[in-house]
Structure formats: structure tokens, C-alpha cells
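Count residues from 1 along the sequence. In what follows, every heavy atom counts, from backbone to side chain, and hydrogens, waters and symmetry copies are set aside.
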Amino acid sequence: MRPSKSVRTALLATISAAAIAVTGAPAAAAESRSCTYVDGTLCLHESKWFNGATVEYPAPFGTDCVNSSMGFLGWLNLTDYSLRVYEGVNCTGISYYVPSGDLHNVQAPLSSFKVV
């Protein structure tokens, strides 16, 4: 059984707080803002520990490939869309399926995504 969006959001907040406690510094935003974790957004994290720089993308994304402004290792998909995230720019290389509501991380940085 998959946990609700509110449970995943609370889990992410706990993980982020633990990372801050370990590193002693708050997460820095990759762009002008950090992730809000509201429904309808995709939040990409520079770190697989969900700390460090973040980039938020509000849905809808359209059907084109979106290149992230940073490499990312973790994500929280709070959209109603299933996505595919890619290792390379322009949606090339190794990819992973990302269902709606997915909280996940990987070992190698990813660069782009699109709706599937």
C-alpha cells in the first residue's frame, strides 16, 4: 500500500530536518526559491539525502522534454502525472519511471524529465 501525499511530505520534511541536523546548515536553493511541496509540483533535489540545492517545477509540463538547471539525485513528484527522468539532457540516456506521488532517489545524477 502506498502512503498518502501528506505522509510522503511529512517523511521528506523529517529527512530534510535530519540532514540539517547532521550537516548543521539549512538547505540552499538552486534558484530563487526552494521547494514548497504543494500538490501539483515536482521538486528535484541535488542530493540523494534531500538536502542542498532544490528546483521546483509546477505542473502542467506539456509533453516536451524539460532540462533541469542542475543535476538531481532525489525527487518528490506531487503532480498527477507519471514522469520519466533521464540521465542525459534532452531526455537521453538511462531513464527511470516516476509515478505520481513518488518520493525517490538514485546514485547517479539525472538531468531531464518528461511526462509519459
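The shortest non-hydrogen separation linking Thr79 to Leu42 is CG2-N, 4.0 Å. Shortest non-hydrogen contact noted between His45 and Tyr37 is CE1-OH, 2.9 Å. Here the closest heavy-atom approach between residue Pro109 and residue Gly71 is recorded as CB-CA, 4.5 Å.
Here the CG-OG1 distance, from Leu78 to Thr36, works out to 8.5 Å after rounding to the nearest 0.5 Å. Ile94 CD1 to Leu110 CG: the interatomic distance, rounded to the nearest 0.5 Å, is 9.0 Å.
The side chain to side chain donor-acceptor pair (under 3.5 Å) search around Asn90 returns Asn67, not counting sequence neighbours. Every residue two or more places apart in sequence or in another chain was checked for a ring-ring contact (aromatic ring centres under 6.0 Å, His included) with Phe72, and none qualifies. Not counting sequence neighbours, the partners of Ser47 by the side chain to side chain donor-acceptor pair (under 3.5 Å) test are Asn51. Scored by the side chain to side chain donor-acceptor pair (under 3.5 Å) test, Tyr97 finds Ser82 as partners (sequence neighbours excluded). Partners of Ser95 by side chain to side chain donor-acceptor pair (under 3.5 Å), not counting sequence neighbours, listed by chain and number: Arg84.
In this structure the side chain of Leu73 never reaches within 4.5 angstrom of the side chain of Trp49, judged on heavy atoms. Looking at heavy atoms from C-beta onward, Val115 lies out of side-chain contact with Thr63 at the 4.5 angstrom threshold. Using a 4.5 Å heavy-atom cutoff, the side chains of Phe113 and Tyr57 are in contact.
Each of Val66, Val116, Val98, Asp102 was checked for a side-chain contact (heavy atoms from CB on, under 4.5 Å) with Leu83, and the lone residue meeting it is Val98.
Among residues at least two apart or in separate chains, side chain to side chain donor-acceptor pair (under 3.5 Å) pairs with a member in residues 104-116 are Lys48-Gln107.
Classified by interplanar angle (parallel below 30°, tilted 30° to 60°, perpendicular above 60°), the ring pair Phe61/Tyr81 is tilted.
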